[in-house]
Structures are given as structure tokens and as C-alpha cells.
Amino acid sequence: MNEPAKTWSVPDSLIGKRIPKMDAPDKASGRTRYIQDLEIPGALHGKILRSTRVHARILSIDTSAAKALAGVHAVITAADVPWQRPIGVGRDHLPLKADRVLSLRDEIAAVAADSEAIAEAALKLIRVVYEPLPVLATTIAASAPGAPRLHPDRPDNVAMTFDYAQGDLAQGEAESDVVVEDVFRLHYVTHCCMGVSGVIAEFDPSGNLLLYSNTQVPFLHKREFAELLGIDPGRIRIIQPPIGGGFGSKLDIYPFEPIAIFLAGITKRPVKLVFTREEEFIASPTRQPVLLKLRSGCRKDGTLTFRDVETVHDNGAYTSWGATTPFVMMQTISSLYRVPHCKYRTVAVYTNNPYAGSFRGYGNLQATFAVEAHMDKLAEAVGMDGLAFRLKNAQHPGEVTPQGMHFKSCGLKECLTTAAQRSDFLRKQAENRSRWNDPDPVKRGIGMASMLHVGGGAKIYPSDGCGTILKIDDFAHVTLITGASEIGQGSETVLAQLVCEELGLPMTAVTVVNNDTDITPWDVGVHASRTTFIAGNSAIGAARKAKRKILEAAAAKTGNRIDELGLAGGFITASSGEKLFELAKFLRSLHFSDKADLVMTSFYYEPPSRHQDKQFKGDVSAAYAWATQVCEIELDTETGIVRLLKVTGAHDVGRVLNRLGIEGQIEGGIVMGQGYALTEDLRVEAGVIRNPNFRDYKLVTAPEIPEMDISFIETMDGEGPQGAKGVGEAPAICIAAAVANAIHNATGTRITALPFAPENVYRALHGASEPPVWNAA
Amino acid sequence: MSANCDIAFTLNGVKRELSVPAGMSALAMLRERLGLTGTKYGCGEGECGACTILVDGMSVNSCLLFAADCDGRDVVTIEGVVQSEAGERLRSAFVASGAVQCGFCTPGLMVQASHLIEQHPGADEAAIRRGIEGNLCRCTGYRKIVDAIASAAKPDPGQTPFSEGQP
Amino acid sequence: MLRAGDVTVLAGGTDLMPQTQAGRLRFRPVLMNVRRVPELKGIAEDNGVVRIGALVTITELLDSALVRERLNLLWQACDHFASDQIRNAATIGGNLCNASPAGDTLVPLLALEARVVLAAKPNGTLQIRRVPLAQFLLGPGRSCRGLTELLAAVEVPLPGAGFVGEFYKHGTRPGLDISTISIAAGARRDGAVLRDVRIAFGAVAPTVIRAPRAEAALEGHRADAATLEAAVQAALAEIHPISDVRASDWYRRELIHNMLKRVLTHVCKL
Ligand SMILES: Cc1cc2nc3c(=O)[nH]c(=O)nc-3n(C[C@H](O)[C@H](O)[C@H](O)COP(=O)(O)OP(=O)(O)OC[C@H]3O[C@@H](n4cnc5c(N)ncnc54)[C@H](O)[C@@H]3O)c2cc1C
Ligand code: FES
Ligand code: FES
């Protein structure tokens with residue numbers, strides 16, 4: 001903490017207040033134009049023909065009838081874009097598949113037509129002849145000797161492997177008094193952004209590309225699209241219209257975007273391509289499904305000794321971000337609690353299933369589910385209560401873990417005790433247990449889980465920075481131009497708030513510009529709960545420069561030292577609080593003076609985090625966020641229905657900046673975690689999604705939400721903007737783990753497979769389910 | 001099925017006449033023919049409520065309503081709802097309560113909430129939650145939406161009746 | 001208007017629209033909007049029979065004091081029906097004509113021994129026939145309604161005084177959910193003995209079904225645990241659930257077993 005200049009409490013501070021989102025009035029009036037709402041004059045409508053086979057060779061594609069349909073401007077297949085290049089994190093698939101399809105979503109052809117209806121009619125006229133190939137529906141099938149290769153350069157269908165170790169596992173085992181082992185199975189879920197995916201692509205006569213896109217990483221995508229098209233990235237402009245939800249789904253390039261670009265290039269017309277909801281279910285990424293074997297041990301006194309983890313990830317047909325979730329999973333395994341000896345291995349295996357992308361929490365829901373089940377199990381084995389056991393092994397501030405993470409601030413212990421106290425955890429836990437043999441079929445349960453997640457960015461790329469440009473006009477109105485995208489989470493409001501805080505201005509004095517790569521400075525993108533932290537620090541940096549510039553000019557006029565001057569309430573003030581100049585007037589006088597100058601500054605913030613080394617060690621984030629959540633449930637043993645009654649959460653958020661915004665993030669995250677735990681289940685059978693609709697893929701609805709009691713633990717992180725850390729992902733992470741522990745508390749049964757949908761729970765309680773088994777090849 | 005139907009109806013208080021294909025949904029008509037994009041497509045199957053509109057004072061999913069079936073009826077969309085005083089109040093409540101994040105579900109929820117408040121002025125927490133069970137929101141966890149509706153449903157304490165003697 | 005043969009009747013459209021959009025259904029040449037036919041509206045009691053017009057919406061049923069007080073079993077099913085928006089549009093006639101084995105109003109209507117009123121006007125004269133619901137429903141999506149017939153109303157005889165009914169729909173949500181299984185059961189206590197026992201199920205057979213053997217196991221018997229168990233066992237022999245994306249046949253049987261028992265326990269006030 002070597003930045004003493006930070007003032008934590010200014011009298012009329014905006015920090016910690018309930019500040020409404022700046023874009024809310026428009027959104028609540030139906031005035032906001034999302035990508036689906038944009039009408040570009042002369043635009044054609046694009047539609048994609050997807051495979052009807054899970055794994056097959058394409059023998060022929062006949063597009064002649066489709067091309068002949070009135071109103072059709074182009075029908076394209078891989079043959080029309082021989083120069084297309086592989087896309088995605090793994091660079092392992094072409095936007096338009098050429099000779100083989102590896103999953104049901106695979107893009108085979110695309111149409112641009114005068115209307116969506118015509119484009120759809122044209123798709124029906126395309127004739128594809130397939131030769132079926134054996135379907136690799138499971139990682140076991142894909143790993144079997146002699147299994148067909150899905151990608152020619154991967155003889156064993158292995159997409160990725162991860163290997164991490166710390167300490168000496170054998171020593172850890174030898175020191176253990178108790179060792180437990182379980183296999184956990186985490187299912188498929190998907191983002192279900194309420195706004196379906198869409199893109200509009202348009203070339204100008206000079207060949208410059210304008211893309212309206214909902215990407216969360218515009219600057220990275222510029223480069224990728226440039227590579228794909230073989231043009232200079234400078235000729236690509238990405239505009240991000242308001243987005244109907246992100247949650248990580250828009251971090252990779254998916255084929256529909258290049259396809260829209262191809263169609264626009266070929267037709268020389270703007271092309272708008274928007275999914276249907278069914279398409280959204282079928283052709284969007286999922287959360288990474290995981291089979292995980294965990295062995296853990298501890299001493300009699302409750303000290304953790306070791307953890308040994310193996311996981312198999314069904315990689316699906318192609319490699320997107322889901323495959324890389326081990327980066328986060330291993331952090332939880334190694335560093336959520338203090339464990340001296342750890343081993344972690346993942347094999348991601350190609351199959352013919354849907355593929356996983358990044359999804360709020362990024363592997364952490366999966367890892368926490370396993371780790372927190374074992375925290376309860378070990379505690380029970382050594383006769384400790386779950387709270388005392390966790391406290392004994394909890395991280396302290398200042399700790400550097402064997403994986404290299406440095407917890408400069410850490411409120412885990414406060415989170416644990418606060419959540420336990422507020423929920424009356426120990427008393428209720430004992431009471432529920434004593435009712436196991438009551439005749440009442442409806443049981444109650446309470447369960448606890450904690451989490452660790454990056455809260456100060458994540459150095460996944462060589463840089464994790466963000467730029468800001470700030471200008472103040474002659475009416476003291478600020479335009480904040482930031483690289484950070486707004487995806488509904490409220491970042492634009494927080495950034496404006498941080499700037500106002502520095503400049504002593506009301507929220508109405510700021511306009512945020514954040515959606516056009518031709519205007520905004522560079523940023524890595526919205527992910528890893530990084531925006532408030534990174535873009536916040538960047539905005540503060542630019543605001544402080546502006547402030548300095550203004551005060552220097554004022555000091556020159558008044559003869560004061562600049563540290564005797566301040567900005568408050570739209571005035572330049574003396575240390576006495578006396579108003580010296582009205583800011584707007586002063587700025588105008590600057591413009592019109594003989595040394596005329598504009599107040600315009602820029603700042604680039606790069607956090608002091610480090611890229612992981614080859615052994616996956618390193619301090620990847622500038623700060624880490626912590627939380628404990630306690631879930632209370634009611635379980636009907638005669639139906640298997642589990643109701644989430646109450647969630648008591650305690651979150652180390654560094655500092656609360658916008659109370660309204662942070663509550664919204666946490667409440668939304670809890671309910672998303674509830675869906676993961678209880679209701680959502682993307683049913684993939686032999687590569688086919690059985691429930692691509694909201695009727696059978698069940699999001700949580702309003703009557704089902706739990707009571708939520710949320711406490712904020714303010715650890716005032718020294719690196720954070722005004723002390724804050726990132727929270728975007730944290731609230732979703734613990735729920736499934738805590739519910740699993742609550743089910744055990746209610747019934748004595750430990751279920752290690754998600755989701756806890758009624759039939760699954762009922763089967764588990766009645767011994768009619770198949771618990772997950774370890775079957776890695 | 002490609003036959004067109006001539007229809008006449010009231011849309012947000014204004015008389016409209018147009019000709020629509022027999023199979024067209026009211027949602028498509030509003031968005032594509034009339035440029036009223038406040039009504040959203042979220043599923044097209046009656047499951048998400050993003051397309052909620054009022055027809056003859058009742059809230060319905062416009063994706064399930066045939067455009068032709070609007071003939072002779074009174075249709076109000078989000079654009080109309082926010083023109084009313086009650087709609088204005090609801091909007092302020094949504095904004096102040098933090099009920100809006102990505103905002104994609106918001107217009108549908110605003111329309112449904114306005115209907116709910118009109119039909120059940122004294123709706124309690126449970127009734128409000130059930131009243132919006134047909135509206136999916138992926139961002140907020142509904143808590144602040146329910147709070148917003150509850151606060152808009154309460155009689156406004158700031159609006160004291162005009163009493164004699166005041167200027 | 002009933003003369004035209006080749007018509008598709010449109011009521012609330014909540015089934016028709018998804019079916020049309022999915023291409024499962026082609027419109028017949030004429031789409032007949034029956035919304036303005038006054039004869040198809042209204043709920044009224046006459047001589048111990050409640051007549052519910054085909055166009056009555058689920059919301060109107062919920063708002064009706066008559067339904068709430070005298071046909072409470074039906075009212076409960078309406079309370080578990082979809083969402084407010086759907087309830088405002090969906091009609092009871094559409095629910096009946098859609099003939100889904102999971103149709104929520106069908107289960108209590110079957111238990112209450114309702115009959116449907118079918119109307120046709122083949123050569124200018126109105127022809128009306130009344131068909132018991134059990135005979136009206138033929139299979140998933142199939143009824144005995146003729147191509148030119150309109151469902152005008154459903155008639156429900158009022159259950160006797162003291163009749164208590166309970167509707168159960170399985171799911172994690174209160175409403176918006178397609179029934180995994182549903183149960184409508186009711187009876188009247190005559191001292192310690194049960195009378196007028198009615199049991200119907202949804203989503204466990206190709207149509208909603210009555211459970212006559214389960215009813216017989218209770219009718220005229222004393223309401224005790226052993227009788228209930230016998231009725232539940234009888235019911236299990238009467239259902240033919242399938243496995244689908246929502247549930248397995250095994251689980252559906254378990255639910256019928258456990259929840260029928262629970263519902264009967266409530267109904268019999270054990
Ligand atoms: C999201 C969603 C949720 C749903 N949830 C439920 C639920 O919880 N429970 C449930 O039971 N159902 C549910 N349904 C199904 C549907 O809403 C009901 O079946 C509804 O009652 C249908 O009524 P309607 O007026 O909309 O019928 P329509 O769609 O207008 O018509 C349905 C069918 O009946 C025919 N028809 C309608 N009226 C007549 C008539 N008077 N004479 C002759 N033929 C006629 C039509 O031609 C058509 O074939 C749901 C549907 C959706 C989209
Ligand atoms: S779009 Fe109509 S309910 Fe989803
Ligand atoms: S605010 Fe995003 S879906 Fe509701």
C-alpha cells in the first residue's frame with residue numbers, strides 16, 4: 001500500500017451510495033436499441049444452414065434451388081470462401097465447414113436475402129447429402145483405442161491438458177489422518193442471454209469493415225477478424241450496441257460473425273444476422289461440463305494436508321474458452337484454503353458434443369462444488385463443525401500461496417463468521433440433523449461454501465490494461481471515453497461515479513462513450529470481473545491528471561500551492577472550503593486566455609499482476625475477491641423438489657462503490673447459481689440437445705427466488721479503485737456447493753452430480769441413481 | 001396462408017390501419033412493420049414475456065398473438081405505457097430500485113407490471129412475484145424488480161392532495 | 001359461419017401460434033376468429049350445471065366467484081396454469097380442443113364429469129351435441145370434434161355439498177410448467193365413509209384419465225390409511241406413463257404413488 005494520496009472519505013462523497021444506472025431510463029422506456037432493433041437501410045438478412053447430423057462427411061451440397069428463389073442475393077458454402085481460416089480459441093474450425101461436420105450446430109451454408117422469411121425458405125431448399133460417421137458421444141468413446149480422429153492433428157482426440165503440482169503429494173498423504181475421495185459430475189448449462197446473438201456487417205466501397213457486434217472483447221476481435229480477412233486491423237471498426245446480456249458468452253469468435261462478414265463482402269450490402277432462440281440454445285457455447293475426481297486429506301486437528309484432483313473435460317467438437325477453465329479451477333483447488341500439497345490434472349477430450357465457452361465463474365463453480373463438499377466431509381470425519389474447520393484452514397491477508405497468488409487483502413475469515421452468524425448456521429445445522437428420522441417428508445437443510453476469485457483483473461494475455469480519454473468542455477461537462485464495454489453490469493455508471501468523485505461533479509455532468517473501437521482507447525475486454533477494477537483505475541488516473549491540470553492553472557491565478565486547492569460541488573475550492581471559482585467559468589477562461597488550453601487527458605492503467613509461468617504459478621490478479629454463502633433449503637423427500645429458501649452471503653468486495661449496482665450483481669449472481677444448482681440442465685444426448693427452449697430448459701422465475709441477506713466485508717484493497725475489487729462472478733460460484741451441503745444436512749445423503757432437479761434428487765434419495773464414476777481412459 | 005388481412009385497431013391511442021399476412025405475429029408486426037422496437041423477441045414461444053403488450057387492457061405475449069387478431073382492439077405497447085402517469089411512476093421506480101441491468105427484459109416487465117398494478121392495486125410480495133412469473137430476467141435475480149413494482153404500487157407519499165390556502 | 005367446412009378455429013392462439021410457427025400445422029384456407037361470438041362467452045349456473053363458454057379465459061375462470069367457490073378443483077388448476085400473460089389469452093375451449101394429455105383444466109373437468117357442447121350448422125340449422133369429456137378426448141391432440149364443429153361450451157355439474165377437491169401439479173414452479181404429472185382428486189365425507197370419489201390424472205397416459213378402480217377402492221369405504229394405500233395401488237395399475245425429456249416413467253409412477261397418497265390424505269382429512 002504505497003499510495004497514501006487516496007482519501008477514503010470525502011464529506012459529500014458518492015462512494016457507497018445507491019446510484020441508478022445511467023442507461024436505465026431509456027431501457028425502461030423501450031427506447032434502447034439493441035442489435036436486434038437496428039435497421040440499417042438496404043440491409044439483407046442472413047441465415048445459417050446447420051448440420052442435421054452429429055458426425056458425418058458432407059458428400060454434396062446443392063444450393064441451386066435456393067439461389068433461384070426470388071429475393072435471395074447470395075447462398076454460400078465453404079467452396080465460396082476457399083480463403084477462410086480456422087477461428088476460435090483453438091483455431092480448430094472453419095466458419096463454414098468444408099467436408100465434415102463434427103457437431104449438430106455445424107455451419108454448412110448461409111443465405112443473404114431480402115427478408116428473414118425468404119432466407120429461411122431458401123435454407124429449406126438447400127440439399128445436403130451426408131455419409132454418417134460414428135458419433136463420439138462421450139469422452140470415453142473418444143478416448144477409446146481406435147476411435148475416429150475428430151481433428152487430423154490430434155491422434156488421441158486430446159484437445160488440451162493441464163498439469164499442476166505443488167509440494168509433495170506422497171508426503172501429504174502420509175501426514176493425513178483422514179483421506180476422502182469422491183467423483184463429481186458437473187452438467188451442461190448455457191448462458192441464455194435474453195437478447196439472442198446477432199451481428200451486422202457492412203463494407204464501405206474502400207473495403208473497410210464496419211461491424212455491429214455484441215462482443216465482450218472488441219479490440220481482440222479486431223485483430224482476429226483482420227487475420228481472418230487478411231486485411232489491416234486498422235480498417236475494421238467495431239461498434240457495440242447495447243447488449244442483452246453477456247455473462248462470458250461473447251468472449252470468443254463464433255462462426256456466425258465471419259459468416260455475416262462473408263455475406264456482406266459477397267453481396268456488397270449490409271447483412272444482419274440474428275439468431276432464433278432455438279438457434280441460441282443450439283449454437284451458443286455452454287458452461288464446461290466436468291467429471292472430477294477429488295482426493296483430499298487432513299490431520300486429526302483439522303489441518304488440511306493435500307488435494308489430488310483429476311478432471312476430464314468434454315471439450316465438444318471444437319476448442320473454445322471452456323477448455324481453459326482449469327486456469328481458474330486449479331486456483332480454487334490450491335488456494336481457496338491453505339493446502340501444502342496439491343496435484344491437479346485435466347484432460348480435455350474432443351467429442352461430437354456442443355462445446356463450452358467462458359461463463360460467469362469460469363470453472364470456479366465446478367471446482368468449488370467439489371472442494372466445498374470435501375470441506376464438509378473432512379470436518380465431519382474429524383468431528384469439527386464446518387465453520388471451525390474452514391476457519392482453521394482459511395487464508396490470511398498477506399499470504400502468498402504455493403501457486404504464487406499474493407493476497408494483499410483477504411476477508412475470508414470475516415466472510416465465514418459473518419455469514420455463519422447472520423444465518424444462525426451452527427444452531428440450524430444441528431437442528432436439521434436431529435430431524436433426519438422425523439416422519440415429516442419435508443426436510444430442512446443448511447449448507448455453507450466459500451469462494452476465491454480474481455478481483456483485480458486476470459493476466460490471461462500479455463497485457464491486462466485499459467485506456468481512458470477524458471475531456472472537459474467549457475461547461476464543465478465531462479466526456480469519459482473508455483475502452484471498457486458495458487454489458488449490462490453497470491460499469492458505465494461506476495466509471496462515471498469514480499470520475500465525479502475525483503472532479504467534485506454530479507453524475508449528470510458525465511457522458512460515457514464506450515462502444516466504438518474508432519473512438520475508444522484499447523482494452524482487453526469484459527471478463528474476469530475486471531472492469532470496475534482495471535477500467536476504474538484507468539478512469540481515476542485520467543481524472544486525476546485533469547484535476548491536476550485544472551488546479552495548476554488555478555494555483556497560477558491565485559498564487560496558492562496546488563495542494564491547497566480542491567474540486568467540489570462544481571467549484572474550485574480552497575482548503576478552507578471557500579469557493580474560489582466556478583469550474584465551468586474557469587474552464588472557459590482557460591480556453592479564452594492567451595495560453596489557451598483544453599482540459600483533455602488520457603491514462604493507461606496496467607495492473608501489477610503477472611502472467612503465469614509454464615508451471616501455472618504466478619500472481620495473476622492485482623487483487624482477489626472472497627465470499628461465503630450459506631444456503632437454506634427445504635427438500636420434499638416424496639418428490640425430490642428442493643426449494644432454496646434463503647441465501648446469506650458475506651462478500652469481500654474491497655469496498656462498495658455503487659451499492660445499488662453491487663447488490664444487483666450479487667442478487668443476479670445468486671439466482672444464476674440457483675439455476676445451475678436446481679433447475680437448469682441442457683440435455684445433451686448423443687450430441688443432440690433435447691431441450692433447446694425455455695419450456696424445458698428452466699431458468700429460475702420470480703416466484704422461486706430465495707430471501708437474500710447480503711453483507712459486504714470492506715477490506716479496502718490497496719490497489720483497487722477507491723479500495724474496490726471485482727465482484728461480477730463471485731456471487732454465482734458457491735450456490736451449488738452450498739446447496740449440496742444443505743441437502744446432506746437435510747437428509748444425510750451426499751449427491752455429487754448436478755443439477756439437483758427433482759427426479760435426480762429423488763433417485764439419489766431412493767438409491768435409484770447411478771452416482772458418477774471415474775472412467776477416464 | 002399467404003393471404004393478407006386488412007386490420008384496423010388502436011395502437012397507443014392512435015388509430016392504425018394496415019394489411020398483414022395471416023400468419024404474422026403481433027410481435028413481428030409491431031417491430032418490423034410499425035418500428036416499435038420496445039417490444040422484444042426473447043423466445044417467440046410465450047415463455048419469456050419480453051414481448052408483453054396490452055390488448056384491451058389485458059397483458060398478453062405478442063409473439064403468440066396473430067397480428068390479424070388485433071383487428072378492432074386496443075393495443076398498448078411499452079412506448080404507450082410510459083406515456084401514462086402510472087407508467088412514468090413505474091419507470092422511475094424501476095430506475096431508482098436498480099431493477100434494470102442489461103434491460104432486455106425490462107420493457108416486457110414494465111408492461112406486465114403496469115397491468116398487475118392496475119388489476120391488483122394492493123398486490124403483496126407473493127402476488128407480485130406470481131404476477132411476473134411469465135417474465136424471464138437473466139441479470140437481476142428479480143429481487144429489485146419485485147421491489148420496484150411494490151414501490152410503484154404503493155400510493156405515492158409525495159403526492160399530497162391540494163389543500164386550500166396553498167398558493 | 002359454421003357452414004364453411006375448411007376452417008381453422010382461432011381462440012387465444014397460445015397453442016395455435018407455436019404450432020403454426022413450428023410448421024406442425026398448416027392453416028386450413030380460412031382462419032376463423034371466434035372472438036366476437038357472444039354465445040361462446042360467459043360463465044353461468046343453471047339448475048346445478050355450470051356452463052362455461054369456450055372463449056372464457058383462464059383468467060376469467062380465476063376471477064369468477066362461482067368457479068372459485070363451487071368448482072374449486074377447476075379453480076386450483078387454473079391457478080397452476082402457465083403465466084398471467086398466457087392465462088389472459090388462453091381459453092378453456094382451446095385447452096380442451098388441444099387435447100393435450102397434460103392439459104391442466106382437463107384433469108379437474110374430467111374428475112367433475114364435465115361434458116362438452118359441440119355445435120355445427122351443416123345446412124343452415126344449428127346442430128348441437130353434448131359429449132362427456134371422457135369420450136371427447138381420443139389421444140394426444142385428438143378429439144372427436146368434427147371438422148365443421150365448434151366447441152361452444154363445457155358444462156360442469158356442480159358437485160354435491162361438502163365435496164372437497166385438491167389439484168396437484170408437479171413442478172418446481174407454481175405455474176409456468178408443463179405438467180410432469182397432475183392429479184385432481186375429490187370426495188365427500190359421509191360420516192366416516194367416502195362418497196362421490198373422483199380421481200383423475202394428467203400426463204400419465206395418452207389422454208388425461210380417470211382412475212375408476214382407485215375410486216372404487218375408496219367409494220363407500222372408511223377413510224383410513226389402509227384404504228388409501230389400496231386406492232393408490234389400484235391407481236398405479238391404471239396409469240401408463242412414458243419417459244420423455246421431462247421425466248422417466250419410473251419417476252412418474254413414484255410421483256403418482258406419493259402424491260396421490262398426499263392429496264387423498266388432505267381430501268379425506270386424515
Ligand atoms: C408458454 C405456454 C405455457 C403453457 N402452459 C400451459 C399450462 O400450464 N397448462 C395447460 O394446460 N396448457 C398450457 N399451455 C397450452 C395452451 O396455453 C392451452 O392449451 C390453452 O388453453 C389453449 O387455448 P387457446 O385459446 O390459446 O387456444 P388456441 O391456440 O386458439 O387453439 C388451440 C386449438 O383448439 C382449437 N380451438 C380453440 N377453440 C376452439 C373452439 N371453440 N372450437 C373448436 N376448436 C377450437 C384451435 O383450432 C386449435 O387447434 C401453455 C402454452 C404456452 C405457449
Ligand atoms: S418472445 Fe414472446 S414470450 Fe418470449
Ligand atoms: S436485465 Fe438483463 S434480462 Fe433482465
Side-chain angles (χ1 to χ4, degrees), chain A residues 18 20-21 23-34 36-39 115-117 191-196 242-247 274 276-278 487-490 658-661 663-672 674-675 693-695 699-705 708 731, chain B residues 21 28 31-32 35-48 50 77-79 81-83 87-88 90-111 126 128-146 148:
Chain A
R18 307 179 77 81
K21 269 175 69 81
D23 56 6
D26 264 2
K27 285 178 171 174
S29 310
R31 287 171 43 94
T32 303
R33 300 214 154 208
Y34 298 83
Q36 298 85 352
D37 306 329
L38 292 182
E39 272 319 324
S115 73
E116 266 188 83
H191 305 73
C192 295
C193 302
M194 290 315 297
V196 288
I243 172 172
F247 315 115
V274 176
T276 62
R277 176 55 63 184
E278 185 180 15
I487 57 169
Q489 83 280 43
N658 178 356
R659 196 165 295 272
L660 204 56
E663 284 175 2
Q665 281 296 300
I666 290 185
E667 290 160 4
I670 286 174
V671 172
M672 194 175 263
Q674 177 183 10
N693 52 61
F694 285 136
R695 180 171 288 207
L699 295 182
V700 173
T701 58
E704 300 161 84
I705 63 167
M708 297 181 250
Chain B
R31 291 180 55 82
E32 291 157 26
L36 292 179
T37 55
T39 309
K40 303 295 180 202
Y41 165 89
C43 70
E45 297 183 325
E47 297 280 347
C48 78
T77 65
I78 178 66
E79 289 87 352
V81 165
V82 291
Q83 281 169 14
E88 172 70 42
L90 200 54
R91 174 176 54 196
S92 308
F94 266 63
V95 173
S97 307
V100 182
Q101 286 188 26
C102 83
F104 203 85
C105 68
T106 313
L109 270 153
M110 284 277 300
V111 175
I128 292 173
R129 287 219 221 165
R130 285 233 38 202
I132 57 167
E133 69 193 320
N135 294 79
L136 296 177
C137 171
R138 190 53 153 165
C139 302
T140 64
Y142 305 103
R143 181 65 264 159
K144 296 202 179 313
I145 296 172
V146 175

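Values reported hereafter were calculated over all heavy atoms of this structure, with side chains retained and with hydrogens, waters and symmetry mates removed. Proteins come first, then strands; the chains are lettered A, B, ... in the order of their sequence lines, and each starts at number 1. Given the structure is predicted, the values throughout are model-derived calculations rather than measurements.
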Heavy-atom closest contact (Ala96(B) atom, Pro20(A) atom, distance): CA-CG, 4.5 Å
Which atoms of Arg31(B) approach chain A - backbone, side chain, both or neither, heavy atom under 4.5 Å: side chain
Side chains of residues 97-111 of chain B: which donor-acceptor partners sit under 3.5 Å, not counting sequence neighbours?
from      : atom 1 : to        : atom 2 : distance (Å)
Ser97(B)  : OG     : Ala93(B)  : O      : 2.7
Gln101(B) : NE2    : Gly664(A) : O      : 3.0
Thr106(B) : OG1    : Gly103(B) : O      : 3.2

Region of Pro25(A) in contact with chain B, defined by heavy-atom distances below 4.5 Å: both
Arg138(B) side chain to His191(A) backbone, donor-acceptor under 3.5 Å: yes
Part of Thr32(A) lying under 4.5 Å from any heavy atom of chain B: backbone
Spatial distance of atom NZ (Lys40(B)) from atom CD (Gln36(A)) [nearest 0.5 Å]: 7.5 Å
Closest heavy-atom pair and its distance - Phe94(B), Ala28(A): CB-CB, 4.5 Å
Partner set under side chain to side chain contact (heavy atoms under 4.5 Å, CB included) for Glu45(B), not counting sequence neighbours: Asn693(A), Cys43(B), Glu47(B)
Segment of Gln665(A) engaging chain B (4.5 angstrom heavy-atom cut-off): both
Lys144(B)/Leu660(A) under side chain to side chain contact (heavy atoms under 4.5 Å, CB included): CA gap, chis, key distance, verdict: CA-CA 9 Å; Lys144(B) 296 202 179 313; Leu660(A) 204 56; 4.2 Å; yes
Backbone of Glu704(A) reached by a side-chain donor or acceptor of Tyr142(B) within 3.5 Å: no
Point-to-point distance, once rounded to the nearest 0.5 Å, from CZ of Arg129(B) to CD1 of Ile705(A): 4.5 Å
Value rounded to 0.5 Å, distance of CD in Glu88(B) from OG in Ser29(A): 8.0 Å
Top of Glu667(A), Arg31(A), Glu116(A) for chain B proximity - count of heavy-atom pairs under 4.5 angstrom: Glu667(A)
Backbone of Thr37(B) reached by a side-chain donor or acceptor of Tyr34(A) within 3.5 Å: no
Contacting region of Ala50(B) [heavy-atom separation from chain A under 4.5 Å]: neither
Interface residue of largest heavy-atom contact number with chain B, from Asp23(A), Ile670(A), Ile243(A), Asp26(A), under 4.5 Å: Ile243(A)
Gln674(A) versus chain B, the contacting section by heavy-atom distance below 4.5 Å: neither
Per-residue contact mode, Ser115(A) against chain B (heavy atom under 4.5 angstrom): neither
